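Only one structure is covered here, and it is reproduced in the block below.
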Amino acid sequence: APSPTAAGEAERPIYRTTADQLYADYETNEVATNLKIGKARVEISGVIDSIDEDFTNTPVLHLKIYGKLSAAGVELVEADRHRAAGLSKGSRITVICDKVIRVIGDPMGSKCSLE
């Protein structure tokens, strides 16, 4: 039987978007975007601009926002560290994030898994 956590995750809806659209939505109206996403997990598709680690050594991918000097950041779960090591700048990816917020104007996903 699946664990209660796994069952709860499966029941949460998935809000599907692209890095560009998520950025545009937040630029237009952060409050409306957060209400639209609600408690859903967020699937984000985009092109990798950089592959980094944050100050806690968590793998972080930055997805290009075309026409802007910004990027959508996604913090990967530790289980995807080795998969992240095999990725390349310019690759198209899709991740599913537990949560997305706006940090200093840019979207930032946390607890994201590569699809």
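Bear in mind that the values here come from a model prediction, so they are computed numbers and not experimental data.
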Same cluster or not: are I44 and L76 linked, directly or through other Ile, Leu, Val, Met, Phe, Trp or Tyr residues, by side-chain heavy atoms under 4.5 angstrom apart? yes
Roughly how far apart are Q21 CD and T28 OG1, rounded to 0.5 Å? 8.0 Å
Looking at every heavy atom in both T94 and S45, which two are closest together, and how far apart are they? OG1-OG, 3.0 Å
Run the numbers on I51 and I48 for side chain to side chain contact (heavy atoms under 4.5 Å, CB included), then give the verdict. CA-CA 7 Å; I51 304 162; I48 298 172; 3.6 Å; yes
Min side-chain heavy-atom separation M108-V60 under 4.5 Å: yes
Which heavy atom of G90 sits nearest a heavy atom of V47, and at what distance? O-CG1, 3.5 Å
Quick one: are I93 and L63 in side-chain contact, heavy atoms under 4.5 Å? yes
To the nearest 0.5 Å, atom CD1 of I96 lies from atom CZ of R12 at 10.5 Å
Once you round to the nearest 0.5 Å, how far does NE2 of H62 lie from NZ of K89? 12.0 Å
Would you mind checking if R81 and E53 are paired as a salt bridge, meaning a charged N to carboxylate O distance below 4.0 Å? yes
Quick one: are Y15 and K36 in side-chain contact, heavy atoms under 4.5 Å? yes
Taking D54's backbone N and O only, do any of them form a donor-acceptor pair with T58's side chain (distance below 3.5 Å, no angle check)? no
Would you say L69 and Y23 are hydrophobically clustered, going by side-chain heavy atoms of ILVMFWY under 4.5 Å? no
Do D20 and T18 pair up side chain to side chain, a donor and an acceptor below 3.5 Å, judged on atom types alone? no
Where is the tightest heavy-atom contact between I65 and A71, given as atom of each residue plus distance? CG1-CA, 3.7 Å
Quick test of your reading of the model: are R102 and E27 salt-bridged, counting only N-O distances below 4.0 Å? yes
Would you name the heavy atoms of A72 and A19 that are closest together and state the gap between them? CB-CB, 4.0 Å
Once rounded to the nearest 0.5 Å, what's the spacing between atom CZ of R41 and atom NZ of K99? 15.5 Å
Within a strict 4.5 Å, meaning less than it, do heavy atoms of the L22 and I37 side chains meet? yes
Please check this pair: side chain of S91 against backbone of L87, looking for a donor-acceptor N/O pair closer than 3.5 Å. no
Test item: V42 and I14 side chains (from C-beta on) under 4.5 Å apart, heavy atoms: no
Please tell me if the side chains of L61 and L114 come closer than 4.5 Å, counting only heavy atoms from C-beta onward. yes
Side-chain heavy-atom pair V95, E43 within 4.5 angstrom cut-off: no
Where is the tightest heavy-atom contact between R83 and E115, given as atom of each residue plus distance? NH2-O, 3.3 Å
Is there a side-chain contact between E78 and K111 in this structure, where contact means two heavy atoms from C-beta onward sitting under 4.5 Å apart? no
Verify whether one side chain among D106 and Y26 offers a donor that lies under 3.5 Å from an acceptor in the other. no
